[in-house]
2 protein chains.
Amino acid sequence: MVKPSGKTKRDAKTGILDAADEIFVRRGIDGARMQEIADHAGVNKALLHYYFRSKADLARAVWLRIASSFVPGIFQMMASDLPLDDKIDRFVEAYHAKLMRHPYLLAYVVNEAARHPEIVGDFLSAERRRAARRMIRKLRAQIADRTKAKRVAPLSAEQFLVTLAASCLFPFAARPMIASLLGLGPKAVDAFMEQRRKDLPAFLKRAIR
Amino acid sequence: MVKPSGKTKRDAKTGILDAADEIFVRRGIDGARMQEIADHAGVNKALLHYYFRSKADLARAVWLRIASSFVPGIFQMMASDLPLDDKIDRFVEAYHAKLMRHPYLLAYVVNEAARHPEIVGDFLSAERRRAARRMIRKLRAQIADRTKAKRVAPLSAEQFLVTLAASCLFPFAARPMIASLLGLGPKAVDAFMEQRRKDLPAFLKRAIR
DNA sequence: GTCTATACTCTGATAGAC
DNA sequence: GTCTATCAGAGTATAGAC
């Protein structure tokens with residue numbers, strides 16, 4: 001408002017973040033080149049170091065933005081009073097929608113989390129840790145209700161959550177391997193994923209029925 | 001036999017492969033340094049280029065050795081006449097045992113498969129593709145038998161296989177995230193995984209019951 | 001805030017002696 | 001086959017003009 005350069009500044013910074021996002025996700029942090037990011041953003045390489053001191057800082061900023069964009073929403077939904085079956089539907093739907101559009105995202109996240117564990121911690125603020133605990137507690141109650149009513153073997157809420165996430169996410173991370181293994185071309189893999197989006201919720205509900 | 005250097009040669013080459021395996025898996029291909037691999041193998045950097053022309057070639061050799069060491073065995077077991085439930089037990093058991101000892105392996109495989117899809121193709125020879133098809137065909141028959149007998153909704157063998165793999169493998173790839181999310185230390189995560197090894201087969205069997 | 005030019009470091013790769 | 005020495009290129013990062 002006061003500074004006329006305010007808008008421009010944010011645009012340049014955001015532009016760099018957008019470009020870095022794409023290049024990091026495509027090549028990994030180690031494989032990415034600052035020059036390529038700069039080119040992709042249409043700015044000079046020096047500007048990257050002006051806004052973000054180093055490559056590591058830039059990578060951290062990109063990571064934080066990615067994680068912040070959809071993890072908190074999922075936490076909240078999973079901690080809500082929604083019936084368990086609806087949560088499964090929404091979880092599957094949300095991640096399929098997200099990852100269909102960003103196929104390399106998950107391989108990136110998985111890899112960098114393994115390689116640079118500290119940035120995972122950076123993302124999980126105290127507030128988010130509390131949100132995670134709320135989610136687990138709520139899920140535990142819902143699963144307990146169900147197993148009590150139907151006399152099924154007890155199931156840990158944590159294990160269920162991990163299995164749910166695994167079933168949705170892993171196929172996107174393993175997409176190239178699935179394609180090779182099943183002998184599918186790019187379009188056939190898309191169809192396979194689309195089918196999965198439809199079938200998976202029923203499969204998971206059956207397991208906790 | 002004829003050459004007295006035969007044994008030494010193989011040892012040096014194997015030593016380099018062992019070292020490269022460890023460093024690549026720990027740092028990723030892009031993050032790994034030829035110097036570090038050479039140091040770890042106790043040989044000179046130049047020797048790496050003598051046996052493997054370039055870093056890319058070395059990475060390919062490492063990948064082929066890793067994949068060859070346990071994928072074909074799994075294919076064969078899954079294509080056998082073993083009952084479906086036993087296959088689930090063995091699959092879960094085999095991968096948990098393997099990955100407990102090589103925690104970074106999966107993040108590496110997933111990442112490099114996404115980044116360098118061509119090396120996945122290198123691994124899947126025509127013979128292995130046939131083995132994969134045999135496995136799928138057998139699983140499809142077994143699942144069909146079961147759903148016919150118990151009147152359950154039909155389930156694609158491919159989808160089931162992916163879900164099975166996802167449930168077993170993803171937790172290892174996502175280990176750092178799971179730890180952060182659930183607030184577990186290294187020992188607690190190990191316990192979580194151990195619990196998972198026990199509970200997962202029952203969960204999966206219930207879904208196709 | 002944004003650019004040009006450049007310093008400095010590191011890495012993969014090769015040449016050549018033994 | 002294995003080593004020492006070295007190079008060319010690429011990379012991150014900074015200095016300084018505008």
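Here is the naming used below: chain letters follow the sequence lines, and residue numbers restart at 1 for every chain. Scope of the values below: all heavy atoms of this structure, side chains included, with no hydrogens, waters or symmetry mates.
- Taking the side chain as every heavy atom from C-beta outward, I37(B) and E22(B) never approach each other to under 4.5 Å.
- Atom C1' of nucleotide dT2(C) and atom OH of Y51(A) are separated by 8 Å, given to the nearest angstrom.
- Distance L48(B) CG to dT14(C) P: 13 Å, rounded to the nearest Å.
- Between dG1(C), dA13(C), dT12(D), one nucleotide has an atom nearer to the side chain of M34(B) than all others, and that is dA13(C).
- Taking the ring centroids of F172(A) and H96(A), they lie under the 6.0 Å cut-off.
- Here the side chain of H49(B) is nearest to one of dG1(D), dT4(C), dA13(C), namely dA13(C).
- When distances run from any side-chain atom of A12(B) to the nucleotides dT2(C), dT2(D), dG12(C), the shortest one goes to dT2(D).
- When heavy atoms are screened at a 4.0 angstrom cut-off, A32(A) is found touching the sugar-phosphate backbone but no base atom.
- When distances run from any side-chain atom of N44(B) to the nucleotides dT4(D), dG12(C), dT2(D), the shortest one goes to dT4(D).
- Summarising the geometry, the separation between NZ on K55(A) and P on dG11(D) is reported as 9 Å, rounded to the nearest angstrom.
- The side chain of R53(A) places no N or O atom within less than 4.0 Å of a non-bridging phosphate oxygen (OP1 or OP2) of dA13(D).
- Between E36(B) atom CD and dG12(C) atom P the separation is 10 Å, expressed in whole Å.
- The cationic group of K55(A) does not satisfy the cation-pi geometry with F24(A), failing either the under 6.0 Å distance to the six-membered ring centre or the 45° limit from the ring axis.
- When each of dT12(D), dG12(C), dT2(D) is scored by its nearest atom to the side-chain atoms of Y50(B), the top-ranked nucleotide is dT2(D).
- For L47(B) and dT4(D), the CG to C1' distance is 13 Å, given to the nearest whole Å.
- One atom, CD1 of I16(B), and another, C1' of dG12(C), lie 15 Å apart when rounded to the nearest Å.
- When the nearest nucleotides of DNA chain D are assigned to A46(A) and K45(B) by heavy-atom distance, the more 5′-ward of the two goes with K45(B).
- Put simply, CG on D39(B) is 11 Å from P on dT11(C), counting in whole angstrom units.
- Taking the six-membered ring for Trp and the full ring otherwise, the centers of Y95(A) and F70(A) sit less than 6.0 Å from each other.
- Within the 4.5 Å cutoff, side-chain heavy atoms of R196(B) are placed close to those of S167(B).
- Between D30(B) atom CG and dG12(C) atom C1' there is a gap of 13 Å when expressed in whole angstrom units.
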